[in-house]
Amino acid sequence: MKFGIVVFPGSNCDRDVVYVTRDILNQPTRMVWHQDTDISDVDVIILPGGFSYGDYLRCGAIARFSPVMSSVIEEAHKGKFVLGICNGFQVLTEAGLLPGALIRNRDLHFICDRVALKVERNDLPWTQGYQSDENIVLPVAHGEGRYYADQKTLAELEDNHQVVFRYGDNPNGSLRDIAGICNRQGNVLGMMPHPERAADAMLGSTDGLKLFEGLLEKVLVGV
């Protein structure tokens, strides 16, 4: 499996993800500059955390128009796996690949902490490494991580079982305690917590590694 890690001006978690996919999982990995448009060679596309374009205008709003995003949208519609982490989640909502928006945290403070999460679905390639309703802990670091959507969209997310992760102790005021969602097909996942920062036992936790391992097993073994 080949991973493509998209690098926008202002990305700062791209190398963290590369460390997981290339060095821990030993998978081919390419850093994809935001001006590249040919990503046909990668199997999984990851939009990392950071501050794309300095978060000017609105988080993810400018990155959405980077040349690479047209290809990301096209590949996602073909069924290729796409993961947006933190700022990457914001980019996915701005690009229309996921519904809703990420707005300023409830108390208007930047939050950098470890938070408890509940795995709502373990039937996705992303989450098959977890137990149903498993409680995990992942780091968060964001100032605009409060998930927001209108009531119709929220109802659709619940009805279609698109909520993948919920906060145990909601740190930012996200509606319905939403920490991560997927599209209806399940191939596009956006989440505010950072699984790549909990993927090495030296850091004290491997709760995030299961997300990458589950996807790897699904694609390589087909289970």
Side-chain angles (χ1 to χ4, degrees), residues 5-20 34 45-64 66 69 72 82-120 126-127 135-149 153-154 157 162-182 188-199 203-205 207-209 211-212:
I5 316 303
V6 177
V7 182
F8 299 104
S11 295
N12 67 5
C13 300
D14 43 5
R15 287 167 176 78
D16 295 346
V17 180
V18 169
Y19 175 71
V20 175
H34 73 113
I45 305 162
I46 299 180
L47 309 184
F51 304 90
S52 59
Y53 294 91
D55 280 348
Y56 291 114
L57 181 62
R58 188 174 61 248
C59 294
I62 300 177
R64 178 263 178 274
S66 285
M69 286 306 299
V72 172
V82 179
L83 170 63
I85 303 170
C86 198
N87 187 225
F89 186 10
Q90 295 162 342
V91 176
L92 290 178
T93 59
E94 290 287 342
L97 284 174
L98 291 174
L102 284 308
I103 63 175
R104 292 290 301 276
N105 293 343
R106 175 181 48 213
D107 297 324
L108 306 183
H109 294 154
F110 188 91
I111 298 171
C112 184
D113 204 349
R114 293 179 180 272
V115 299
L117 302 172
K118 179 182 177 183
V119 181
E120 290 288 310
W126 303 104
T127 57
N135 294 309
I136 63 175
V137 176
L138 294 180
V140 294
H142 57 252
E144 298 183 40
R146 182 185 179 193
Y147 184 79
Y148 179 86
T153 300
L154 290 171
L157 287 174
Q162 290 175 247
V163 179
V164 181
F165 298 104
R166 290 190 207 268
Y167 294 112
D169 184 10
N170 193 332
N172 55 30
S174 289
L175 299 184
R176 306 285 181 93
D177 298 324
I178 290 174
I181 61 173
C182 65
V188 179
L189 171 65
M191 56 191 300
M192 287 308 296
H194 289 263
E196 80 281 8
R197 296 184 182 178
L203 299 178
S205 172
D207 282 355
L209 185 61
L211 184 141
F212 298 97

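Just so it is clear, the structure is predicted and the values come from calculations on it, not from any experiment. Both backbone and side-chain heavy atoms feed into the values below; hydrogens, waters and symmetry mates do not.
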Review point. Just how far is it from atom CE of M191 to atom CD1 of I85, taken to the nearest 0.5 Å?
Key: 7.0 Å

Practice item. Quick one: closest heavy-atom pair of R104 and L108, and the distance? Key: NH2-O, 3.3 Å

Exercise for review: Could you tell me whether the side chain of S66 reaches within less than 4.5 Å of the side chain of V72, counting heavy atoms only?
Suggested key: no

Point to revise | Reported CD1-to-CZ distance for the pair I111 and R146, which is rounded to 0.5 angstrom | key: 11.0 Å

Exercise for review: May I ask you to test the N12-N87 pair for a side-chain heavy-atom distance under 4.5 Å?
Suggested key: no

Check your understanding: What are the two closest non-hydrogen atoms of D55 and G60, and how far apart are they?
Key -> OD1-N, 4.4 Å

**Study point:** R64 CZ to S52 OG distance, which is reported to the nearest 0.5 Å
**Key:** 12.5 Å

Check your understanding: How about W126 and V164: do any of their side-chain heavy atoms sit closer than 4.5 Å?
Key -> no

Review point. Ignoring hydrogens and geometry, is there a side-chain-to-backbone donor-acceptor pair from D16 to E196 under 3.5 Å?
Key: no

Review point. Passes side chain to side chain donor-acceptor pair (under 3.5 Å), T93 versus Y147? Steps please.
Key: CA-CA 10 Å; T93 59; Y147 184 79; over 6 Å; no

Check your understanding: Tell me, do L154 and R176 make a side-chain contact under 4.5 Å, heavy atoms counted?
Key -> yes

Exercise for review: May I ask you to test the I181-F89 pair for a side-chain heavy-atom distance under 4.5 Å?
Suggested key: yes

Exercise for review: Return the minimal non-hydrogen interatomic distance between F110 and A141, and the atom names on each side.
Suggested key: CZ-C, 3.5 Å

Practice item. Could you tell me whether the side chain of D207 and the main chain of V137 form a donor-acceptor pair under 3.5 Å? Key: yes

Exercise for review: Check whether any side-chain N or O of E120 sits under 3.5 Å from a backbone N or O of F165 as a donor-acceptor pair, and report yes or no.
Suggested key: no

Check your understanding: Has the side chain of N105 got a donor or acceptor atom that lies under 3.5 Å from a matching backbone atom of H142?
Key -> yes

Exercise for review: Evaluate the side-chain proximity of P193 to V140: yes if any heavy-atom separation is below 4.5 Å, no if none is.
Suggested key: yes

Revision key, fill the gap. Rounding to 0.5 Å, atoms CG (L102) and SG (C59) come to a distance of 8.0 Å

Point to revise | Student check: side-chain heavy atoms of H34 and M69 closer than 4.5 Å | key: no

Exercise for review: Verify, without hydrogens or angle tests, whether R106 (side chain) and N170 (backbone) share a donor-acceptor contact under 3.5 angstrom.
Suggested key: yes

Check your understanding: Crowded around Y56 OH? As in, over 12 foreign heavy atoms under 6.0 Å?
Key -> no

Revision key, fill the gap. Looking only at heavy atoms, the pair that brings P48 and V17 closest together is CB-CG2, 4.4 Å

Point to revise | Any D177 side-chain heavy atom under 4.5 Å of K118 side chain | key: no

Practice item. Measure across V91 and A63 and return the closest heavy-atom pair with its distance rounded to 0.1 Å. Key: CG2-CB, 3.9 Å

**Study point:** Donor-acceptor under 3.5 Å (E144 side chain, Q90 main chain)
**Key:** no

Review point. What distance do C13 atom SG and Y19 atom OH have between them, rounded to the nearest 0.5 Å?
Key: 15.5 Å

Exercise for review: Check the pair L211 / L83 against side-chain contact (heavy atoms from CB on, under 4.5 Å), numbers first and verdict last.
Suggested key: CA-CA 10 Å; L211 184 141; L83 170 63; 4.0 Å; yes

Check your understanding: Where is the tightest heavy-atom contact between R114 and S205, given as atom of each residue plus distance?
Key -> NH1-CB, 4.4 Å

Point to revise | Sidechain-backbone polar pair: N172 side chain, S174 backbone, donor-acceptor under 3.5 Å | key: yes

